[in-house]
2 protein chains.
Amino acid sequence: MATIEDVAKLAGLSRTTVSRVINDQPYVTEEKRQRIVQAMKDLGYVPNSSARRLRSQKTETIAVLLPRVTNPFFGNLIEAMEQKASEWGYQVIVCQTHHSRKKEIDYLQLLKTKQVDGVIMASLVNDWKDVEPYLESGPIVFCNEYMEDASIPMIHMDHKTAAYEAAVHLLEQGCKHIAYASGGPESHLGAMRKQGFLEALEEYGRPFLDELNIDWAIDVSDGQKVFHLIRSDFPYIDGVFTGSDEVAAGLIYEASSSDWKVPEDLAVVGFDNQMVSLLMVPSVTTIQQPVIQMADKTVEVLIQQLLHPGAIAPKRYVYPHQLLLRNSTKRREAAIQ
Amino acid sequence: MATIEDVAKLAGLSRTTVSRVINDQPYVTEEKRQRIVQAMKDLGYVPNSSARRLRSQKTETIAVLLPRVTNPFFGNLIEAMEQKASEWGYQVIVCQTHHSRKKEIDYLQLLKTKQVDGVIMASLVNDWKDVEPYLESGPIVFCNEYMEDASIPMIHMDHKTAAYEAAVHLLEQGCKHIAYASGGPESHLGAMRKQGFLEALEEYGRPFLDELNIDWAIDVSDGQKVFHLIRSDFPYIDGVFTGSDEVAAGLIYEASSSDWKVPEDLAVVGFDNQMVSLLMVPSVTTIQQPVIQMADKTVEVLIQQLLHPGAIAPKRYVYPHQLLLRNSTKRREAAIQ
DNA sequence: TTGTACGCGTTATCAT
DNA sequence: ATGATAACGCGTACAA
């Protein structure tokens, strides 16, 4: 592998001058520049990135922490992030935490060991006190996930209001006993949703019992299980708030192969507006997040922090959501689309 | 940021000894080892990865090239790859080519600049002659994509036979005029599928006309367009082979809001066995690929190349597919779930 | 068992 | 305008 030294020799000049050419710096005669460019071509020279990193203390790489890529929400997120980052010349490392505290911390180590310049956390299962120390090694930005006490940039939706609106919608459609089927480990975000949901119930004078709380529903097959659980043990339930479109899809799929009708017997709302929510019959009422905008903003904020350290105060960007009314909750005429 | 030098000073020893402790090398008194470990803790010392890379000429990082993450097939692929790689202590960089030749080459540069030790190509739109030169900078492995002339490891299915079987299935179900709705840029893999498809038609004495060839169908909305095209311009078509479950889903979705019935009026087969193919009504007959096994194998093969350069001859691993018979093609009694 | 000294490939500083 | 030289932080012959 040719080094800068080789190029210098071949061109009959010094490393310094070659370096100047590489980095488009002034003070190089056009003639010598040509000679160097030619030498680089002849040798197939490419600057060694490790050496540059060591010298510049920069990696042009960021880590994106998320639970898993195959969850379509996170898939969309990282797709947009990678695209945006590459526009700025940054590489993206995928870090799947699978909701594990240990893995999350392990990946944060990338910051300490200088393998990445900054970190985006779209996964957050550790307490802030365990994350904060890593801040001194480089900037961290939250996306989707968030918490009150951290003073770093956060890009997210108002999950509490979103859940509140979804619950109100179910109540307005005449649901009397609404189950809450969500899952995964407790995160601040999950707590917010739950809060909004409960507020709506309280406002409408509906009680919420333990039996209506399902906290292990993540994917399609869980959704299927949820349906059977409801049907066999709690048949009086007539509405379900789910934490994802996948759970909603599983529920609706099972219902359609039973004698229950959605939404007449059971109204269902999903979350994320994934493609499947539109393809299901009936189509799924869901909450849309501006994923791409959030992803772009997150990358932009992080890179700005890298380019101008400490220039801007950590801000919070709250993006709007939208409750998309579809057929899975259409018990009264009002429903649109 | 503390360096190895700081640790050495604090412990009253030399850098060398500290280095020995870091890398678990012998010839260090237990007592001094303790002293050093303590010093590292006190200083919060972590080895600088850039320096290590420069010194060792290794990055412990691999690049995965693919069209886009939100295509569920590739989402599954990179999810499994990242997980496997992390078990070996390797980082994964996402490289979305969006079928662009330029982007594909740009990402291959990561190999030349020593930003990664090896590359997995699950995207392949350039000619082999343009890819081959990068081989001298490090190992490259194909996954899913492949071509005859390259002498590097390749992990993939027999797409030709898979397509052949799907087409035969449609013919056996009594389809007389079968459209081929696939898309994206031409790849060797696409050519193989088409070949298998055509062979089946020929075998059954069915002609294939230009009007039956749709080459721009990639996602759900394309599938919807395909349906309307067929319905308005080529209503005699009674079967469609699609390149992905998403296209199939779009087709079926539109058909269900029309007076056409699937499979009676139009039989549809998909590709990849994505979740949506199971959730659609009717469920979609499709071809299943052993994605995770292929992903694991690919990572394993690449890492073996990194650990033992030139030890094993480049081999080809062909994985079995499975045609899953579902309702979207069930025109005769035989079909199974 | 421990330490000295050099080099990995670049870039920044300071002369000239 | 150009070049010599010193870092960046680490690992490893080789010497002791």
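As the structure is a prediction and not an experimental result, all values here were calculated from the model. We name chains A, B, ... by the order of the sequence lines, and we start the count at 1 in each one.
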Check your understanding: For A/M40 and C/dG9, what is the distance between atoms CE and C1' respectively, to the nearest whole Å?
Key -> 15 Å
Review point. For D/dG11, does OP1 or OP2 lie under 4.0 Å from any side-chain N or O of B/Q57?
Key: no
Practice item. Kindly say whether the aromatic ring centers of A/F142 and A/H156 come within a distance under 6.0 Å. Key: no
Check your understanding: Within the pair A/K32 and D/dT2, is there a side-chain N or O less than 4.0 Å away from OP1 or OP2?
Key -> yes
Review point. Ignoring hydrogens and angles, does a donor from either the side chain of A/R55 or the base of D/dA7 sit under 3.5 Å from an acceptor on the other?
Key: yes
Review point. Cation over ring, A/K297 on A/Y319, under 6.0 Å and within 45°?
Key: no
Practice item. Tell me whether the OP1 or OP2 atom of D/dG3 has a side-chain N or O from A/S14 closer than 4.0 Å. Key: yes
Review point. Hey, are the side chains of A/L302 and A/P139 touching, using non-hydrogen atoms and a 4.5 Å cut-off?
Key: yes
Review point. Below 4.5 Å, heavy atoms only, C-beta onward: do B/C95 and B/V64 meet side chain to side chain?
Key: no
Practice item. Report yes if at least one side-chain N or O of B/R52 is closer than 4.0 Å to OP1 or OP2 of D/dG11; otherwise report no. Key: yes
Check your understanding: OP1, OP2 of C/dT11 versus side-chain N and O of A/Q25: anything below 4.0 Å?
Key -> no
Exercise for review: Please tell me if the side chains of A/M154 and A/E145 come closer than 4.5 Å, counting only heavy atoms from C-beta onward.
Suggested key: no
**Study point:** d(CG, B/D6; C1', D/dC8) in whole Å
**Key:** 13 Å
Point to revise | For atom CD of B/E31 and atom P of C/dT2, their distance in whole Å | key: 8 Å
Check your understanding: What does A/T17 touch in the nucleic acid at a heavy-atom separation under 4.0 angstrom: a base, only the sugar-phosphate, or nothing?
Key -> sugar-phosphate
Study note, to complete from the structure: Looking only at D/dG3, C/dT11, C/dT10, the nucleotide nearest the A/A51 side chain is C/dT10
Point to revise | For atom CD of B/E5 and atom P of D/dC10, their distance in whole Å | key: 10 Å
Practice item. Indicate whether OP1 or OP2 belonging to D/dT12 is found under 4.0 Å from a side-chain N or O atom of B/Y27. Key: no
Exercise for review: Determine to 10° how strongly the helix from C/dT1-D/dA16 to C/dT16-D/dA1 is bent, judged from the axes of its five-pair ends.
Suggested key: 40°
Practice item. Check if the side chain of A/R15 and the base of C/dG9 share a donor-acceptor pair of N or O atoms closer than 3.5 Å. Key: no
Check your understanding: Out of C/dG9, D/dT5, C/dG3, which has the shortest distance to the side chain of A/T16?
Key -> D/dT5
Review point. Looking at CE of B/M294 and CD1 of B/I155, how far apart are the two atoms once the value is rounded to the nearest 0.5 Å?
Key: 9.5 Å
Practice item. Would you indicate, yes or no, if C/dG9 has its OP1 or OP2 atom less than 4.0 angstrom from a side-chain nitrogen or oxygen of A/T3? Key: no
Exercise for review: Round to a whole Å and report the spacing from CZ of B/R35 to C1' of C/dG3.
Suggested key: 14 Å
Practice item. Return the nearest nucleotide to the side chain of B/P47; candidates are D/dC8, D/dC10, D/dA13. Key: D/dC10
**Study point:** Interatomic distance, A/N48 CG vs D/dC8 P [rounded to whole Å]
**Key:** 19 Å
Check your understanding: Counting distance only, does the side-chain N/O of A/T113 pair as donor-acceptor with the main-chain N or O of A/Q109 below 3.5 Å?
Key -> yes
Practice item. Answer yes or no: does a side-chain N or O of B/N23 lie under 4.0 Å from OP1 or OP2 of D/dG11? Key: yes
Practice item. Could you tell me the separation between the NZ atom of B/K58 and the P atom of D/dC10, rounded to a whole number of Å? Key: 18 Å
Scan the side chains in residues 114-124 of chain A for donor-acceptor partners under 3.5 Å anywhere in the protein, sequence neighbours excluded, and list what turns up.
from	atom 1	to	atom 2	distance (Å)
A/Q115	OE1	B/R53	NH2	3.3
A/D117	OD1	A/T59	N	2.8
A/D117	OD1	A/T59	OG1	2.9
A/D117	OD2	A/T59	N	3.2
A/D117	OD2	A/T59	OG1	3.4
A/D117	OD2	A/E60	N	2.8
A/S123	OG	A/T97	OG1	2.8
A/S123	OG	A/E104	OE1	2.9

Point to revise | A/D296 and its side chain to side chain contact (heavy atoms under 4.5 Å, CB included) partner, picked from A/I292, A/V299, A/T298 | key: A/I292
**Study point:** Charged N-O contact under 4.0 Å between A/R316 and A/E148
**Key:** yes
Review point. When we call it a touch if two heavy atoms are under 4.0 Å apart, what does A/V46 touch: a base, just sugar-phosphate, or nothing?
Key: sugar-phosphate
Check your understanding: Within a strict 4.5 Å, meaning less than it, do heavy atoms of the A/M157 and A/P290 side chains meet?
Key -> yes
Point to revise | Rounded distance (Å) that lies between atom C1' of D/dG11 and atom CG of A/L54 | key: 13 Å
So which protein nitrogen or oxygen atoms get under 3.5 Å of nucleotides 14-16 of chain C's nitrogens or oxygens?
none

Study note, to complete from the structure: Regarding the side chain of B/Y45, the nearest nucleotide among C/dC8, D/dC10, C/dT11 is D/dC10
Exercise for review: Kindly indicate whether the side chain of A/S19 and the base of C/dA12 share any N or O donor-acceptor pair separated by less than 3.5 Å?
Suggested key: no
